[in-house]
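Contents: one structure, followed by commentary.
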Amino acid sequence: MLKPILCLDFDGVIHSYTSGWQGAGIAADPPVAGTLEYLVEATKHYRVMVYSSRSKSLAGRRAMRRYIREHFNVPLTFSPVHDVDWLHEAIRFPWFKPPALLTIDDRALTFTGNWLDFAPEKLRRFQPWNKRPATLSTEQVGHD
Ligand SMILES: [Mg+2]
């Protein structure tokens, strides 16, 4: 049986995106801490697909694939079973939004079924994880 699809955003999730948008083919910032370990674990349970605003261009898809290969093709010291030469092959980069079971994105909200939770004045206060004040926890930021 096929594993379910887990869709990951790229900028702000895998690629730290500290320099902001440099073009679809450019991803020059370091990975978000823990990404390699997460990808190794996630690919055991899910078909991991990276889908981003970059995905619509061939240059963008190539840049994301190259990024995974260049940053994560290192021998694992924490797993006796794998090295990660396979990792950039295990991860897919579709040009369309995949039919994912779940999506992880730094700029998305989980729909609650109540549109009042998404009033424009509330959306204006949204901050991605890397822009939030360090003193606030996720729970504090998520509730008014
Ligand atoms: Mg993003």
Side-chain angles (χ1 to χ4, degrees), residues 2-76 78-79 82-144:
L2 277 178
K3 292 182 278 193
I5 294 171
L6 177 64
C7 180
L8 305 182
D9 181 33
F10 183 71
D11 294 302
V13 173
I14 294 171
H15 173 227
S16 61
Y17 200 55
T18 49
S19 303
W21 185 249
Q22 308 286 310
I26 299 171
D29 299 321
V32 172
T35 298
L36 171 61
E37 293 83 350
Y38 183 80
L39 291 174
V40 168
E41 192 60 28
T43 51
K44 295 175 187 169
H45 305 278
Y46 296 96
R47 284 180 288 155
V48 173
M49 298 191 183
V50 177
Y51 178 71
S52 153
S53 57
R54 296 174 187 262
S55 300
K56 63 181 178 291
S57 82
L58 181 59
R61 296 195 301 279
R62 282 181 172 164
M64 294 189 291
R65 180 178 292 281
R66 186 170 58 243
Y67 189 88
I68 298 284
R69 189 186 320 115
E70 290 178 357
H71 285 277
F72 304 132
N73 251 0
V74 293
L76 291 183
F78 52 85
S79 169
H82 302 291
D83 69 35
V84 290
D85 286 338
W86 51 269
L87 192 56
H88 76 279
E89 295 300 332
I91 298 171
R92 298 286 168 232
F93 300 84
W95 55 269
F96 54 89
K97 183 178 180 181
L101 181 67
L102 283 170
T103 297
I104 300 175
D105 195 306
D106 64 320
R107 286 189 173 272
L109 300 169
T110 302
F111 188 57
T112 59
N114 181 358
W115 284 112
L116 297 177
D117 291 338
F118 302 93
E121 62 272 16
K122 290 188 177 184
L123 298 184
R124 275 196 293 274
R125 292 198 296 269
F126 176 83
Q127 294 284 313
W129 69 274
N130 53 3
K131 300 268 195 311
R132 291 176 189 166
T135 54
L136 294 178
S137 71
T138 303
E139 290 74 27
Q140 288 170 308
V141 172
H143 297 88
D144 289 55

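Counting convention: from 1, in listed order, for ligands and their atoms alike. Since this is a predicted model, take the numbers as computed values, not measurements.
The Mg ion (ligand 1) sits nearest to atom O when only the N, O or S atoms of Asp11 are considered. For Asp106, the N/O/S atom at the shortest distance from the Mg ion (ligand 1) is named OD1. Restricting Asp9 to its N, O or S atoms, the one at the least distance from the Mg ion (ligand 1) is OD2.
Side-chain contact between Phe93 and Ile68: present, with at least one pair of heavy atoms (C-beta onward) separated by less than 4.5 Å.
For NZ of Lys3, the number of neighbouring non-hydrogen atoms (other residues, nucleotides, ligands) closer than 6.0 Å is greater than 12.
Closest non-hydrogen pair, Tyr67 versus Pro31, comes out as OH-N, 2.9 Å.
Between the side chain of Arg54 and the backbone N or O of Ala24, at least one donor-acceptor pair lies under 3.5 Å.
For the Mg ion (ligand 1), the set of nearby N, O or S atoms under 2.8 Å includes none belonging to Asp105.
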